[in-house]
Amino acid sequence: MAKKKLLLVADTYYPKVDGILRFTEEFLKRASSDFDISLLVPEFDHKKRPEKTHFIVPSKHLSLSGYPNMELSFQNLRTIKGSIKEADIIYIQGPALISYLSMYYGKKYKKKVVSYMHVIPWELFEQFIP
């Protein structure tokens, strides 16, 4: 029986090492025998280009909490849509724009979507909402 195709979506990636990246590394180690895993992540580091990774071009002008947001472009939207269409299950590590768009398109294309937020919402709101 073929493995289910799982797309792991994250709004951060190398070289920025944080809780989301550590979780992603550990998840890949533990789940790769059960799923055919691909990644949808921002391209911050041109050297680390593992197989089965779909890269999103980050914005040069817009950032949130030290993370550059994704560039709003047709190329990025096509990458997200194409990645979602190929997968059976979407596992989102959020929250930011790549995560929100992946959740939207996952639901639109009737995929199974799981989302996990690596933040404490009230601390996030306290920091960014005046």
Side-chain angles (χ1 to χ4, degrees):
M1 187 162 101
K3 293 180 188 178
K4 292 277 187 183
K5 293 180 180 180
L6 186 142
L7 177 66
L8 194 142
V9 178
D11 292 288
T12 184
Y13 197 60
Y14 293 107
K16 188 170 180 101
V17 178
D18 59 6
I20 292 173
L21 183 64
R22 288 188 181 127
F23 177 89
T24 298
E25 290 173 330
E26 192 63 33
F27 182 83
L28 291 172
K29 284 184 214 170
R30 295 178 185 218
S32 60
S33 61
D34 297 321
F35 296 97
D36 180 10
I37 302 174
S38 59
L39 301 175
L40 177 63
V41 294
E43 185 176 34
F44 297 140
D45 186 347
H46 297 286
K47 296 173 195 152
K48 291 205 180 235
R49 297 187 65 87
E51 251 183 78
K52 296 185 182 180
T53 303
H54 308 271
F55 286 104
I56 297 295
V57 177
S59 172
K60 295 176 180 107
H61 309 290
L62 186 60
S63 70
L64 177 65
S65 142
Y67 294 87
N69 216 331
M70 69 172 261
E71 180 179 281
L72 295 173
S73 68
F74 289 116
Q75 175 191 345
N76 278 342
L77 288 177
R78 279 191 300 272
T79 300
I80 292 170
K81 288 179 189 180
S83 301
I84 299 293
K85 286 179 180 179
E86 290 175 10
D88 299 313
I89 303 166
I90 316 303
Y91 188 24
I92 300 169
Q93 305 293 306
L97 191 53
I98 299 170
S99 296
Y100 294 133
L101 289 171
S102 296
M103 190 178 307
Y104 171 79
Y105 286 113
K107 291 296 183 182
K108 180 178 179 178
Y109 298 131
K110 298 181 178 16
K111 303 294 181 168
K112 294 177 182 173
V113 177
V114 177
S115 180
Y116 184 83
M117 291 180 57
H118 288 267
V119 297
I120 301 171
W122 54 86
E123 288 180 1
L124 183 69
F125 292 139
E126 179 181 58
Q127 186 176 3
F128 294 104
I129 297 177

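Numbers here simply count residues along the sequence, with the first being 1.
Residues I92 and I90 come closest through the heavy atom pair CG1-CG2, 3.8 Å. The two residues P42 and A10 have their closest heavy-atom pair at CD-O, 3.2 Å.
Q75 contributes atom CD, which lies 12.5 Å from atom CZ of F55 (distance to the nearest 0.5 angstrom). Within the model, atoms CG of N76 and CD1 of I98 stand 7.5 Å from one another, a figure rounded to the nearest 0.5 Å. S99 OG to L40 CG: the interatomic distance, rounded to the nearest 0.5 Å, is 9.0 Å. Distance check, rounded to the nearest 0.5 Å: CD1 of I37 to CG of L6 gives 5.5 Å. Of the inter-residue distances, the one linking L77 atom CG with L72 atom CG reads 7.5 Å to the nearest 0.5 angstrom. Between T24 atom OG1 and L8 atom CG the span is 5.0 Å, to the nearest 0.5 Å.
The side-chain contact (heavy atoms from CB on, under 4.5 Å) test with H54 is passed by exactly one of I84, T79, I80, V41: T79.
Both L21 and Y116 are members of a single hydrophobic cluster when ILVMFWY side chains are connected at heavy-atom separations under 4.5 Å. Y100 and V114 fall into different hydrophobic clusters, where Ile, Leu, Val, Met, Phe, Trp and Tyr side chains are chained together by heavy-atom contacts under 4.5 Å.
For residues 22-36, the pairs satisfying salt bridge (Lys or Arg N to Asp or Glu O under 4.0 Å) are E26-K29, E26-R30, D36-K52, with sequence neighbours left out.
Looking at K3, its side chain does come within 3.5 Å of a backbone N or O of S32 through a donor-acceptor pair.
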May I have the list of side-chain donor-acceptor pairs in residues 104-113 shorter than 3.5 Å, sequence neighbours left out?
residue : atom : partner : partner atom : Å
K111    : NZ   : K85     : O            : 3.1
K111    : NZ   : A87     : O            : 2.7

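In this structure K4 satisfies the side-chain contact (heavy atoms from CB on, under 4.5 Å) test together with F35, D88, I89, sequence neighbours excluded.
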